[in-house]
Amino acid sequence: MDWENIRFFVALVETGSTAAAARELGVERTTVTRRIQALESEAGLALFDRRGRQLALTAAGRDFADATRPMMEAAHLAARCAAGMRPGMSGRIKISAPPALAKALLIAPLLSLGKAHPKLEIQLAGEIAFASLLRGEADIAVRLTRPQTGDLAVSKLGSVAFRLYAHRAYIANTPEEEWRYIGQGDVPDAMPQQVALNRIAGGKFACYVDDVDLQMAAVMARGGIAVLPDFLTVDKNELTLAGSGEPLLVREVWSVTHNSQRHQERIKRTIDVLRMAFK
C-alpha cells in the first residue's frame, strides 16, 4: 500500500473531516478525497460510510484505524529521533502553554531566545488542552498539572500563587457579607482554584466563566472577587487583594517533553529559558 494514502487516512480519522484533514496536511480537500479513494481501492475495503456530507468509519475502517495508528506513532518517533540528531540551535520548536501564562510570562523570554538564535523557529501555542507530544503536536508542553503516564521527561519550572483579587471600588462599596465571587469553568469544581474557592465562597457566586482572562474582565467590571494568579495582576493598580491576602493555593508549573527529545540542545536550552521566566 502507498504510505501516503495511509497518512491521509489517519489524518482524516483524527481530524474528523476532509476539510480539517486538508488544513492539517496543507493540501486541497479534493486531494484528501482522492487519497482515501485510492486507499480503499488498494485495500479492497470500504473504510467510510458516506451519507450525504457525513463521514463515519465502517467496522472495517475502525479496525484499519487501529492497525495503522501505531505506524503513525512510529513515524512521529522516527521524525523526533532525526530531529534529535541535528546539533545546535536551529529548526522549529513548538511550545504549548496555557494562554494567560504564555502571554504574561513566556512570550518575552522566548522572543529573546529567538533573537539570540536566528535559525531557531519558535512557535508558541496558547492552549488549555494537553498537546499530544507523541503525535508531534508540541515539542514542549508547559502545564500546571504534572502528567503521571507516558514516556515523558518532566521538569519543574516554578510555581504560581493564586490569591483573591477584586476591584478597589468593589471592596470600597460592598460590605464583606455581600461579597460575591467569580467562578471558573463550566463545571463549578473543575479547577483546583475553583475547589479552593468553594471552601470560602459559601455558594455566593455572581457567575462562572471559562477562562482566566474572562475572570479578570469580570473583576475589572466590578462584578465580584476572583481567584487570580499573581502574574496576571502585575501593574493592575485598580485591583486589590481581598481577605487576608495570603495565597489561596500555589500550583506547580511543569515542562513536559517526550523522552526521545530531552537531550536535544534546542529543547534543553528552551526549557532553561522557560525556567528563568519563573525566577
Chemist: Side chain of Arg180, backbone of Phe205: donor and acceptor closer than 3.5 Å?
Modeler: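 Indeed, once roles are kept as given, a pair shorter than 3.5 Å links the two residues.
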Chemist: Pair Phe64, Thr58 - check side-chain contact (heavy atoms from CB on, under 4.5 Å), show working.
Modeler: CA-CA 10 Å; Phe64 196 77; Thr58 62; over 6 Å; no
Chemist: Are Tyr181 and Tyr208 near enough that their ring centres are under 6.0 Å apart?
Modeler: no
Chemist: Check whether any side-chain heavy atom of Leu274 lies under 4.5 Å from a side-chain heavy atom of Leu110, and answer yes or no.
Modeler: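 Leu274 vs Leu110: side chains touch.
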Chemist: Can you find a heavy atom in the side chain of Arg251 that is under 4.5 Å from one in the side chain of Gln193?
Modeler: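 The answer is yes, as the side chains (C-beta and beyond) meet within the 4.5 Å cut-off.
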Chemist: Can you measure from OG (Ser112) to CE (Met276) and round to the nearest 0.5 angstrom?
Modeler: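 Here the interatomic distance stands at 12.0 Å.
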Chemist: Verify whether one side chain among Glu24 and Thr15 offers a donor that lies under 3.5 Å from an acceptor in the other.
Modeler: no
Chemist: Return the CG to NZ distance between Leu113 and Lys115, rounded to the nearest 0.5 Å.
Modeler: 12.5 Å
Chemist: Honestly curious: do Val273 and Leu111 fall in one hydrophobic cluster under the side-chain, below-4.5 Å linking rule?
Modeler: yes
Chemist: What are the two closest heavy atoms between Lys236 and Leu232, and how far apart are they?
Modeler: NZ-O, 3.7 Å
Chemist: Within the 4.5 Å heavy-atom criterion, are Glu121 and Gln123 side-chain neighbours or not?
Modeler: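 No, every pair of side-chain atoms sits at 4.5 Å or beyond.
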Chemist: Given side chains that start at C-beta, do those of Glu40 and Leu45 come closer than 4.5 Å, heavy atoms only?
Modeler: no
Chemist: Return each pair, listed once, that meets ring-ring contact (aromatic ring centres under 6.0 Å, His included) where at least one residue sits in residues 216-244; pairs must be two or more places apart or across chains.
Modeler: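 Applying ring-ring contact (aromatic ring centres under 6.0 Å, His included) to every pair that reaches into residues 216-244, excluding sequence neighbours, yields nothing.
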Chemist: Could you check whether any side-chain heavy atom of Ile225 comes within less than 4.5 Å of a side-chain heavy atom of Val219, counting everything from C-beta outward?
Modeler: no
Chemist: Do any N or O atoms from the side chain of Thr18 and from the backbone of Thr33 form a donor-acceptor pair under 3.5 angstrom?
Modeler: no
Chemist: Minimum heavy-atom separation for Ala97 to Ala102, with atom names?
Modeler: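 Heavy atoms of Ala97 and Ala102 come nearest at CB-CB, 4.2 Å.
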Chemist: Give the intermediate values and the outcome of side-chain contact (heavy atoms from CB on, under 4.5 Å) for residues Ile171 and Tyr165.
Modeler: CA-CA 10 Å; Ile171 294 297; Tyr165 285 93; over 6 Å; no
Chemist: I'd like to check His117 versus Ser90 (side-chain heavy atoms, cut-off strictly below 4.5 Å). Are they in contact?
Modeler: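 They are not in side-chain contact.
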Chemist: If you round to the nearest 0.5 Å, how far is NE2 of His258 from CD1 of Ile140?
Modeler: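 So the CD1 of Ile140 and the NE2 of His258 are separated by 14.0 Å.
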Chemist: For Asp211 and Gln215, does a side-chain donor sit closer than 3.5 Å to a side-chain acceptor?
Modeler: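 No, no side-chain donor-acceptor contact under 3.5 Å.
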Chemist: Could you tell me which non-hydrogen atom of Ala169 sits nearest to which non-hydrogen atom of Arg222, and how far apart they are?
Modeler: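 For Ala169 versus Arg222, the nearest heavy atoms are CB-NH1, 3.5 Å.
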Chemist: State yes or no: do Leu157 and Val250 share one hydrophobic cluster built from I, L, V, M, F, W and Y residues joined by side-chain heavy-atom distances below 4.5 Å, directly or via other members?
Modeler: no
Chemist: Roughly how far, to the nearest 0.5 Å, is CG of Leu47 from CG of Asp49?
Modeler: 11.5 Å
Chemist: Taking the six-membered ring of Trp254 as reference, does the cationic atom of Arg143 (NZ for Lys, CZ for Arg) lie under 6.0 Å from its centre and within 45° of its axis?
Modeler: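 The answer is no, since Arg143 fails at least one limit relative to Trp254.
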Chemist: Looking only at non-hydrogen atoms, find the nearest pair between Ala46 and Ala60 and report the distance.
Modeler: O-CB, 4.2 Å
Chemist: Show, in sequence, the C-alpha distance, side-chain angles and deciding distance for Thr233 and Arg163, and conclude whether the side-chain contact (heavy atoms from CB on, under 4.5 Å) test is met.
Modeler: CA-CA 10 Å; Thr233 65; Arg163 306 173 204 264; over 6 Å; no
Chemist: Using 0.5 Å steps for rounding, measure from the CD atom of Gln37 to the CZ atom of Phe8.
Modeler: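 Those atoms lie 13.0 Å apart.
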Chemist: Decide yes or no for Leu164 and Ile200: does some side-chain heavy atom of the first lie under 4.5 Å from some side-chain heavy atom of the second?
Modeler: yes
Chemist: For the pair Ser155 and Arg275, evaluate side chain to side chain donor-acceptor pair (under 3.5 Å) and give the outcome as yes or no after the intermediate values.
Modeler: CA-CA 9 Å; Ser155 175; Arg275 186 175 291 109; 2.4 Å; yes
Chemist: To the nearest 0.5 Å, how far apart are CE in Met216 and CD1 in Ile182?
Modeler: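 That separation rounds to 12.0 Å.
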Chemist: Taking atom CD as the centre, does Glu42 end up with more than 12 heavy-atom neighbours from other residues, nucleotides or ligands that are less than 6.0 angstrom away?
Modeler: yes
Chemist: Tell me whether Arg92 is salt-bridged to Asp139, with the criterion being a basic N under 4.0 Å from an acidic carboxylate O.
Modeler: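 Looking at Asp139 together with Arg92, the answer is no, because their closest N to O distance does not fall below 4.0 Å.
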Chemist: Taking the side chain as every heavy atom from C-beta outward, state whether Cys207 and Val209 have any pair of such atoms under 4.5 Å apart.
Modeler: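 When only atoms from C-beta onward are counted, Val209 and Cys207 do touch, with a gap below 4.5 Å.
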Chemist: Using every non-hydrogen atom in the two residues, find where Pro229 and Val160 come nearest and quote the distance to one decimal.
Modeler: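 For Pro229 versus Val160, the nearest heavy atoms are CB-CG1, 3.6 Å.
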Chemist: Not counting sequence neighbours, which residues clear salt bridge (Lys or Arg N to Asp or Glu O under 4.0 Å) with Lys103? List them please.
Modeler: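 By the salt bridge (Lys or Arg N to Asp or Glu O under 4.0 Å) rule, Lys103 matches Asp213.
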Chemist: What about Leu239 and Val234, same hydrophobic cluster or not, with Ile/Leu/Val/Met/Phe/Trp/Tyr joined at side-chain heavy-atom distances under 4.5 Å?
Modeler: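 They do not share one cluster, since no chain of ILVMFWY contacts under 4.5 Å joins Leu239 to Val234.
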Chemist: Indicate if Leu197 and Leu241 have the same hydrophobic cluster label, given that clusters are the connected sets of ILVMFWY residues with side-chain heavy-atom separations under 4.5 angstrom.
Modeler: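 Leu197 clusters together with Leu241.
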Chemist: Give the minimum heavy-atom separation between Ala277 and Leu106, together with the two atoms involved.
Modeler: CB-CD2, 4.1 Å
Chemist: Evaluate the criterion side-chain contact (heavy atoms from CB on, under 4.5 Å) for residue pair Val142 and Val253; output intermediate values, then yes/no.
Modeler: CA-CA 7 Å; Val142 177; Val253 184; 3.7 Å; yes
Chemist: Given side chain to side chain donor-acceptor pair (under 3.5 Å), test Ser159 with Glu252 step by step and report yes or no.
Modeler: CA-CA 4 Å; Ser159 59; Glu252 294 176 327; over 6 Å; no
Chemist: Of the options Gln261, Arg262, His263, which is the one that meets Asn259 in a side-chain hydrogen bond (donor to acceptor under 3.5 Å, both in side chains)?
Modeler: Arg262
Chemist: Tell me whether Arg168 is salt-bridged to Glu238, with the criterion being a basic N under 4.0 Å from an acidic carboxylate O.
Modeler: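 Salt bridge between Arg168 and Glu238, a charged N being under 4.0 Å from a carboxylate O: no.
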Chemist: Go through the structure and list residues passing salt bridge (Lys or Arg N to Asp or Glu O under 4.0 Å) with Arg269, not counting sequence neighbours.
Modeler: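 If we apply the salt bridge (Lys or Arg N to Asp or Glu O under 4.0 Å) test to Arg269, skipping adjacent residues, the hits are Glu265.
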